[in-house]
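Contents: one structure, followed by commentary.
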Protein chains: 2
Amino acid sequence: MPGLEHFLKTYLELTPPELEVIAKRFRHIALEKGAFFLQTGAFSDRLGIVEQGLVRIFLQTEDKEVTQWISTAGGLLTDLTGFVFGSPARWNMQALSDCSLWVIEKEAYYSLESEVPRFHHIDRRFVARCFSTLEDRIFSHLHMSAEERYQYMFERQPQLFNQVPLQYLASMLGMTPETLSRLRKKII
Amino acid sequence: MPGLEHFLKTYLELTPPELEVIAKRFRHIALEKGAFFLQTGAFSDRLGIVEQGLVRIFLQTEDKEVTQWISTAGGLLTDLTGFVFGSPARWNMQALSDCSLWVIEKEAYYSLESEVPRFHHIDRRFVARCFSTLEDRIFSHLHMSAEERYQYMFERQPQLFNQVPLQYLASMLGMTPETLSRLRKKII
DNA sequence: CTATCCACTTGACAAATATCAAGAATACAT
DNA sequence: ATGTATTCTTGATATTTGTCAAGTGGATAG
């Protein structure tokens, strides 16, 4: 199984010593199926990386639950807005299966600024990469149909489609479970 | 008319001396109607803030043009991904009317790191705010109908609806011009 | 003033997607 | 294993949105 250092390297370009200092600040925790890593309204005072398992990021609106994303191995867990601005978290993050995570506290994260000279540069690229991912996603909603979004996601994250309840995938793709079920049938 | 410093303050929390140092690095330019601030594939080596006028941010796909956003006074102009990672710009940015802009070169922007001690903190919050805006937008596509997205945008940016060709607004909302025309009629 | 060009609107129709309800499959607990 | 959730599928139908084509209206150049 790829370790924390492997995942850190996929987000950030780091030298071996930087990697070591940063990795040391993470601790390893278990998150049982059904448990929350974060809940709406709480303080987002830590950042997690999924080692194993699936975590659903979602929000309750008046009329329905909206799944924003499902994080798999290597995926990021944090309410970035809350983490940066200290505002109450918008998102719930709940384990869909028994998970193991690496976690760094906000305080430890920021203290890296004084330990790793290039840290602000690293962090900046990290946030910008998150931005870039969202930009792609917005774009997909502006010019793709539900079917095209399904295909696009399926190509990029095929493992999700075996493991995640379809209702959540549907919400994450901006369609109803029935529509997703029909698209899937049509395409196979 | 609100000045550059006013707009900077809306993005970033700055002390008066910081504000002064940063503002000094911007220069003031005109962008004629139809001219491009940035084109797809170019280097995104500067960041602009709209003082006056409208700038459309869009991209050409095989089958259609997709308008991602329209920047009005105070709005931001940069391909953030390109600006941070040095990759070729994804977006075109074209003036819809005669515009005046404040612009800072990438090099000058980064040199602020050594002039303003808190700069990395400021910059980080800036990027995170951009992220947060996109997150809201993704969310709107996951749970709102075209009609609801129209209403939502109309409440937040009513000025756009007087000034911008509807075809661009439609694309930005992820619908056809005909649909937008009908929604507008229905709602008024 | 008039011709021309856009952008916008409207209508008729088609396609995509949602809704509601029922049945089938699957997972879960006892 | 068996019964009970729950989730997924399917069908019928409604609604929303898209497409295509024609028309209207307003701006602008000559």
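Below, chain A is the first sequence line, B the second, and so on; all start at residue 1.
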Whole angstroms only, please: what is the NE2-C1' distance between H143(B) and dT19(C)? 18 Å
Assess [X] against [Y]: is NZ or CZ under 6.0 Å from the centre of the six-membered ring, and within 45 degrees of the ring's axis?
X	Y	value
R90(A)	F139(B)	yes
R46(A)	F37(A)	yes
R156(A)	Y152(A)	yes

Within 6.0 Å of [atom1] in [X], more than 12 heavy atoms from elsewhere:
X	atom1	result
F36(A)	CZ	yes
E13(A)	CD	yes
E107(B)	CD	no

By a strict heavy-atom criterion of less than 4.0 Å, which residues belonging to residues 162-186 of chain A are in contact with DNA chain D?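 Under 4.0 Å from DNA chain D: P165(A), L166(A), Q167(A), E178(A), S181(A), R182(A), R184(A), K185(A).
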How are the rings of F126(B) and Y109(B) set to each other: parallel, tilted or perpendicular (split at 30° and 60°)?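 Rings of F126(B) and Y109(B): tilted, 30 to 60°.
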On the 0 to 90° scale, with breaks at 30° and 60°, tag the H141(A)-H141(B) ring pair as parallel, tilted or perpendicular. tilted
Test E113(B) against H120(B) for side chain to side chain donor-acceptor pair (under 3.5 Å), laying out the working first. CA-CA 6 Å; E113(B) 285 175 12; H120(B) 63 269; over 6 Å; no
Regarding dA27(C), purine or pyrimidine glycosidic angle vs 90° from 0 gives anti
Gap separating the NZ atom of K186(B) from the OG1 atom of T179(B), nearest 0.5 angstrom: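 Here the interatomic distance stands at 11.0 Å.
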What's the angle between the local helix axes at either end of the helix from dC1(C)-dG30(D) to dA25(C)-dT6(D), using five pairs per end and rounding to 10 degrees?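 One end's axis against the other's: 40°.
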Partner set under salt bridge (charged side-chain N to carboxylate O under 4.0 Å, His left out) for R25(B), not counting sequence neighbours: E115(B)
Those residues at least two apart in sequence (or on a different chain) that pass salt bridge (charged side-chain N to carboxylate O under 4.0 Å, His left out) with R56(B) are E65(B)
5' to 3' contact window, DNA chain D with chain A (heavy-atom distance under 4.0 Å):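 Footprint of chain A along DNA chain D, 5' to 3': dT7(D) to dA12(D).
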Would you check if L160(B) and L169(B) make a side-chain contact, meaning some heavy-atom pair closer than 4.5 Å? yes
Per-nucleotide protein contact along nucleotides 24-30 of chain C, 5' to 3', at a 4.0 Å heavy-atom cut-off (B base, S sugar-phosphate only, - neither), is ----S--
